[in-house]
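Each chain gets a letter, A, B and so on, in the order its sequence line appears, and its residues count up from 1. Computed over heavy atoms, backbone and side chain alike; hydrogens, waters and symmetry mates excluded.
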Amino acid sequence: MRLSKYFLPTLKENPGEAQVISHRLMLRAGMIRQSSAGIYSWLPLGLRVLKKIEAIVREEQNSMGNQEILMPTIQPADIWRKSGRYDDYGPEMLRIIDRHERDMLYGPTNEELVTEIFANSIRSYKDLPQLLYHIQWKFRDEIRPRFGVMRGREFLMKDAYSFDINSEEARCSYNKYFIAYLKTYASLGLKAIPMTADTGPIGGNMSHEFLIIADTGESEIACHRQYLEMDLSCQDIDYNQDLQPVIHRYTEKYAATDDKRDPAIEKALGDDVRTARGIEVGHIFYFGTKYSEKLGAKVSGPKGEEIAVEMGSYGIGVSRLVGAIIEASHDDKGIIWPKAVAPFKVGLINLNISDRDCTVACEKAYNDLDCAGIEVIYDDREARPGAKFADMDLIGLPWQLIVGPRGIKTGSVELKNRISGEREEISMESALTRLLD
RNA sequence: GGCCGAAUGGUCUAGUGGUAUGAUACUCGCUUUGGGUGCGAGUGGUCCCGGGUUCGAUUCCCGGUUCGGCCCCCA
């Protein structure tokens, strides 16, 4: 991609509307623009990151044996009346009336809808378990949207639902998601700590939140210091093994969000307690038959008896993760993308496009990288070197390949690692070799 | 849903009961060419919207909207 043709409207100054760092950087890096309160358009650079995160989330969901579906954004009010949540949800639910005066709503979540689909289609215990998920836009009409995409009204969420014949089986499903979430965060380059959580309006009796630690996090958390050092990536965990001991390992130590903190436990732990700011990036619930009873999601058991299925739901805020990753990974110059979600791998900077040798070298490098399938953005704009450096640092690609007339004369280019800040003067050949790895 | 504050070119701002300051951005020219270069010229504002007070409101008052800080809620 040539920067001279790419829609990348970067800003030199911080827009006054944005206070938190990820919001500022996303606006400045030309990733998003606000449409109305808590509702954003995604520009090319932002959309690339969003799609990468979505793909990583999807991949792990598929690996754990979950099946992707796609439910609509607009839902009928009827099923919400059946579950009792049409009135419970309150003004956070965006209600719509269609031309036939039917009550509709922009879905804030999908328990009712997925339960209805299940109820209309599955009749036998032999067809269980079923694990379904989708990645779809949701709407919650927050009174005070803020923090950019971290707390928007419209947001992209992966929500998954499990259907099991009994609570033991449901627990197995729950455990799979638990592990899948840890794997997903690790793939994203994040460390998210599982914490016991309130079940909130979803209801139920078992729930965990996953939080990443960031100075600018919205809530205060406390946890055993071991969580900060522990490897939570779960890379060698197979979904078919007994997951209970694994879950136990990751949940036995103290870890609590602000409202669940226990002074007595913290006092007993003494020096082992760490407090920090955290951002919630996932939440899983086991809630039994709350929706299956009300919406008639029942199957025939082995003896022909009717059994309401045991359910759970599992959410990851995909659009929120874009902001959360930035909160966890940036410096005073801009974003520092983890490799897995970086919009491009390499930023190729031509320091002087009117210098023939320099431009020839850049064009060749651009071609070589592009043909090798490396995601590269080539700054071929007619601009000052300073502006190019500043923009490239701002958008935070893992590698910068800096090519200028001065270096070309002696056959060298500069390879800069945005994460470590390390710069090396090396030959173009060895730079390309490194990038092609 | 409750409390508090803010809103002035694309962006960041100064200021004012008599239509507005500076910077940045953008365009053109020259300059410069390894960390937002320098000089000159130009472009760009129903001073958030509606109502009220006033001869006159961007300024004062009321309401709304949007933004920000708390409570609440939350992926």
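A donor-acceptor pair shorter than 3.5 Å cannot be found between the side chains of A:Gln67 and A:Asn62. Between A:Asp159 and A:Ser313, the side chains place no donor N or O within less than 3.5 Å of an acceptor N or O (distance only, hydrogens not considered). A:His283 and A:Ser207 share a donor-acceptor pair across their side chains, judged by distance under 3.5 Å alone.
A straight line from CD of A:Glu220 to P of B:C71 spans 12 Å, rounded to a whole angstrom. B:G9 atom P lies 13 Å from atom CD of A:Glu13, rounded to whole Å. In this structure, A:Arg24 places its CZ atom 14 Å from C1' of B:U11, rounding to the nearest Å. One atom, CZ of A:Arg151, and another, P of B:C71, lie 10 Å apart when rounded to the nearest Å. When the P atom of B:G1 is taken as reference, atom CG of A:Asp141 falls 9 Å away, rounded to whole Å. Protein atom CG of A:Asn14 is 15 Å distant from nucleotide atom P of B:A25, rounded to whole Å. The separation between A:Glu382 atom CD and B:C28 atom C1' is 13 Å, rounded to whole Å.
Listed by first and then second residue, the salt bridge (charged side-chain N to carboxylate O under 4.0 Å, His left out) pairs involving residues 20-32 of chain A amount to none (not counting sequence neighbours). For residues 178-194 of chain A, the pairs satisfying side-chain hydrogen bond (donor to acceptor under 3.5 Å, both in side chains) are A:Lys158-A:Tyr181, with sequence neighbours left out.
Taken to the nearest 0.5 Å, the CZ atom of A:Phe7 stands 12.5 Å off from the CG atom of A:Leu47.
In a base pair of the Watson-Crick type (N1 to N3 plus N6-O4 or O6-N4) or a G-U wobble (N1-O2 and O6-N3), with each distance short of 3.5 Å, B:U59 is matched with no nucleotide. With a cut-off of 3.5 Å on both pairing distances, B:G9 has no Watson-Crick or G-U wobble partner at all. The base-pairing partner of B:G68, taking Watson-Crick or G-U wobble contacts with both distances under 3.5 Å, is B:C4. The partner of B:C26, taking Watson-Crick or G-U wobble pairs whose two distances both stay under 3.5 Å, is B:G42. Across all strands shown, B:U53 has no partner, as no Watson-Crick or G-U wobble contact with both distances under 3.5 Å is found. The partner of B:C47 cannot be assigned: no Watson-Crick or G-U wobble pair with both contacts below 3.5 Å exists in any strand. Shown here, B:G34 forms no base pair; nothing in the strands shown gives a Watson-Crick or G-U wobble contact with both key distances under 3.5 Å. Both distances falling under 3.5 Å, in either a Watson-Crick or a G-U wobble arrangement, occur for no nucleotide opposite B:U16.
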| query | How does protein contact run along nucleotides 64-70 of chain B, one letter per nucleotide 5' to 3', with B for base contact, S for sugar-phosphate only, - for none, heavy atoms under 4.0 Å? | reply | --SSBSB

| remark: Going 5' to 3' through nucleotides 30-44 of chain B and flagging B where a protein heavy-atom sits under 4.0 Å of the base, S where only the sugar-phosphate is that close, and - otherwise, we get --BSBBBB-------

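Annotation: B:G51 and B:U59 have their P atoms spaced 13 Å apart (nearest Å). One P atom belongs to B:G63, the other to B:A23, and the distance between them is 38 Å to the nearest Å. As rounded to the nearest Å, B:A20 and B:U65 have C1' atoms that lie 24 Å from one another. The gap from the P atom of B:U21 to that of B:G38 amounts to 24 Å, rounded to the nearest Å. Nucleotides B:U16 and B:G45 place their C1' atoms 16 Å apart, quoted to the nearest Å. Nucleotides B:C60 and B:C47, compared at atom P, are 15 Å apart to the nearest Å. A gap of 32 Å separates the P atoms of B:G44 and B:A6, to the nearest Å. Atom name P, nucleotides B:G5 and B:C39: the rounded distance is 42 Å, in whole Å.
The side-chain tip of A:Arg2 does not point at the ring of A:Tyr378 from less than 6.0 angstrom away and within 45° of straight on. By the 6.0 Å and 45° rule, A:Arg95 does not stack over the aromatic ring of A:Tyr106.
Not a single donor-acceptor pair, N or O on each side, falls under 3.5 Å between the base of B:C73 and the side chain of A:Arg140.
Taking syn as a glycosidic angle within 90° of 0, B:U19 qualifies as syn.
Aromatic ring centres of A:Phe155 and A:Trp137: separated by at least 6.0 Å.
Scanning for salt bridge (Lys or Arg N to Asp or Glu O under 4.0 Å) contacts around A:Asp357 gives an empty result, with sequence neighbours left out. Legend: residues meeting side chain to side chain donor-acceptor pair (under 3.5 Å) with A:Glu60, ordered by chain and number and at least two apart, are A:Tyr239.
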